[in-house]
Asker: 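Here it is, the structure, as C-alpha cells.
These values consider heavy atoms only, across backbone and side chains, with no hydrogens, waters or symmetry-generated copies. In each ligand, atom 1 is the first atom listed, and ligand 1 is the first ligand listed. Just so you know, these numbers come straight off a predicted model, no measurement behind them.
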Amino acid sequence: MNLVWYRNDLRVAAHSPLQAALSESSERSSGPRALAVYCLCQGQWDRHQVAPLRRWYVLESVRELGEALARRGIDLHVLEADTFAAVPEVLARFAQEHGVTHLYCNREYPLNEKQRDKAVAERLRGQGVCLQGFDDGVLVPPAALRTGKGTPYTVFGAYKKRWDVWMADHHPVVTPAPPESDHRGNFVGAAVVDRALKSLSVPEALTQQWQSGEEAAWQQLDQFVEQSLEGYRRQRDFPNIAGTSGLSAALSAGTVSVASCYRAASQAMADAGSRDGAACWIGELAWRDFYRQIMAQFPRVSRGQAFRPETDLLQWDQDDERFTAWCEGRTGYPLVDAAMRQLVATGWMHNRLRMVTAMFLSKHLWLDWRRGEAFFMEHLMDGDFAANNGGWQWSASAGTDAVPYFRVFNPVRQSQRFDAQGRFIARWVPELNGLDSKQIHEPWKQPLLAPDYPPPIVPHAGVRERVTTAFKAAKTQFDQAQSMGSAMENNMGNSKKEKA
Ligand SMILES: Cc1cc2nc3c(=O)[nH]c(=O)nc-3n(C[C@H](O)[C@H](O)[C@H](O)COP(=O)(O)OP(=O)(O)OC[C@H]3O[C@@H](n4cnc5c(N)ncnc54)[C@H](O)[C@@H]3O)c2cc1C
C-alpha cells in the first residue's frame, strides 16, 4: 500500500507525492489506490508557538483536504502524536497495521522537521518501507544552487541571479488534481480534527476574516493575478492598499503550491501589461526560497542563533514594559502602533510594516529580536519559521543579507511615505482621528488633539548612534575572541608538537 504523508502541503493539485503514490500504485496493483495521513502534533505547535489562528487555518484546511481526498477514493487518517518525537512510533504502527510498503512526502527544512524525518526514515526503513521525498515546498531545492566556491548563497542578489537561470531551465510542472472517483473514500480523521478545533479558543471575529483550504487559495490567486499583479511593484509598499496577494498563509500551509503561483505569474508575464508586476512578485517567491535554503543549510538559525555570530554578543535591554507597549500598539509612534494592532486583530501584517515594527523593536527599543520573532509567531496566521526568522534577522541586522546595522528606519518618515494620508493609521488608532493627514504622523506636536494617545516611548534622535556604537563594540569583542581562540589553538598545536 502506498501512503502519502501530508504536512504543510494541504492540497490535492500540484502535489508530487500524491501524484507519485497514485501512478506507482496503479503500476503495481489493481487494489486500493493509496492512503493518506496527517500527523497532528499539538504539543509541537505549543513548542513552536504556533498562533491559535494558524492552528484553526491548518485544521480547517485538513478538513477540506480530507473531503477532497475522499472524493478521489482516498482515505485521510489523522494521527495524533503530541510532539515530533512521537511521530516515528505513531507512523510505524500505522504503516504496519495498513501494510504500507511505500511512503511519499514533501521535504521540510527547519531543524526539528529534518530530525523528525530522519527518525521516521530510519524507523520505517527498518520495517521495509521505501521512502520517497519531493521538494514541492520550494521552486528551487535548497542545495541546488552553490556559489563558485561550492558554498551556499548568503547574499540574495547573487542567489537570485542563479535562481533565475535555474528557473529558466526548470520550468515547474503543475500537475492537476487527480480526477474524482466513483468509489468514495473516508475522511477517517474528521472526529480528531473536530475535537482539536473545539479545543481552540479563537474568536469568531478573527476566523470570519479568513477562508481556509485549497479552493479559497486558488480563488485568491486568480483574483490577485487578475486585479493586482500588474500594479504590484507600484502598490506593494502601501499598507492601506490591498496591493499584495495575501497568499502567505496559503503558501506556508501549502493549500496552494509555490509552483502554481509561479506559473500563474509567468503566464501573466506573457501579457506585456503585467510584466513588471509579475517579475517583482516572482522576486518575492525567490526570497521565500532563499530563506528556506538558509534554514536548510545553516541549522544554527533554527537553534535561535543569529546568522551573524558577532550580533549574539549584543547586550539587549530587558525592559518588559517597553516590550508590552510594542505588543499592544502603545509606543506613541502611530505607524508602529497601527501595525501591531492590525497584527493582533487580524493575524496578518503588511510586509512594509513587518520591517518597520521589527526594526523598531530591535533598534529603537533595543530589545532582543527573538522576543519579537516569537510574538509574531504567536499571532501570525502565516507564521512560517524560515520567512519569519529571516525577516527578523534581516530587520535586526543579525542575518544573511541583513540591512546594514547603521540603517535605521525613521518611523515618522516611513509613515509619511507609505501612509501619506494617514488612512491606515486612522483605521487602527482611533485615538488619532482628531488629527489631519499631516498631523497624524507626529501626534506629540498636537497633544491637545489626541489626549488619549501616549507620547513617543523613546526619541528617534540618537538611536542610530547608539546602535552603531553597540554593533561596532560587539564586532570588536567578537574579533578579539576569535583571534584569542586561534592564538590558543596555535599554542596548543605547538605544545603538542613539542611534546611529540
Ligand atoms: C519581520 C518579518 C517577519 C515575517 N514573517 C513572515 C512569516 O511568518 N510568514 C511569511 O510567509 N512571511 C513572513 N514575512 C515575509 C512577508 O512579510 C510576508 O510573506 C508578506 O507580507 C505576506 O503577504 P502577501 O502574501 O500578501 O505577500 P506578497 O507580497 O503577495 O508575496 C507573495 C509571497 O512571497 C513570499 N514572500 C514575500 N515576501 C517575503 C519575504 N520577505 N521573505 C520570505 N517570503 C516572502 C510569501 O510567501 C508571500 O505570500 C516576514 C517579513 C518580515 C520583515
Asker: Show which atoms of ligand 1 fall inside a sub-4.0 Å distance from at least one heavy-atom site of Gly383.
Answerer: 8 (O)
Asker: Evaluate Arg341 against Glu328 for salt bridge (charged side-chain N to carboxylate O under 4.0 Å, His left out), listing each step before the verdict.
Answerer: CA-CA 7 Å; Arg341 295 183 197 187; Glu328 293 177 354; over 6 Å; no
Asker: Going by heavy-atom distance to atom 5 (N) of ligand 1, choose the closest among Val356, Val258, Leu247, Asn388.
Answerer: Asn388
Asker: Do NZ/NE/NH1/NH2 and the carboxylate oxygens of Arg371 and Asp320 come within less than 4.0 Å?
Answerer: yes
Asker: Taking only heavy atoms of Trp348, which atoms of ligand 1 are found under 4.0 Å from at least one of them?
Answerer: 22 (C), 23 (O), 26 (O)
Asker: Within 45° of the six-membered ring axis of Tyr109 and under 6.0 Å from that ring's centre, is NZ or CZ of Arg292 located there?
Answerer: no
Asker: Does only the side chain of Phe290 get under 4.0 Å from ligand 1, or the backbone, or both, or neither? Count heavy atoms.
Answerer: neither
Asker: What atoms in ligand 1 come closer than 4.0 Å to a heavy atom of Arg288?
Answerer: 43 (C), 44 (N), 47 (O)
Asker: Does the residue Met355 have a heavy-atom contact with ligand 1, meaning some pair of atoms that are separated by less than 4.0 Å?
Answerer: yes
Asker: Any idea which atoms of ligand 1 are less than 4.0 Å away from a heavy-atom of Leu251?
Answerer: 33 (C), 47 (O), 49 (O)
Asker: Near Ser248, which atoms of ligand 1 are under 4.0 Å from a heavy atom of that residue?
Answerer: 11 (O), 22 (C), 23 (O), 25 (O), 49 (O)
Asker: May I ask which of Trp281, Phe224, Trp392 has a heavy atom nearer to atom 32 (C) of ligand 1 than the others do?
Answerer: Trp281
Asker: Taking the six-membered ring of Trp166, is NZ or CZ of Arg162 closer than 6.0 Å to its centre and within 45° of its axis?
Answerer: no
Asker: Ligand 1 versus Ser252, non-hydrogen atoms closer than 4.0 Å: side chain, backbone, both, neither?
Answerer: neither
Asker: Distance alone, cut at 3.5 Å: any donor-acceptor contact between the side chains of Asp382 and Ser252?
Answerer: no
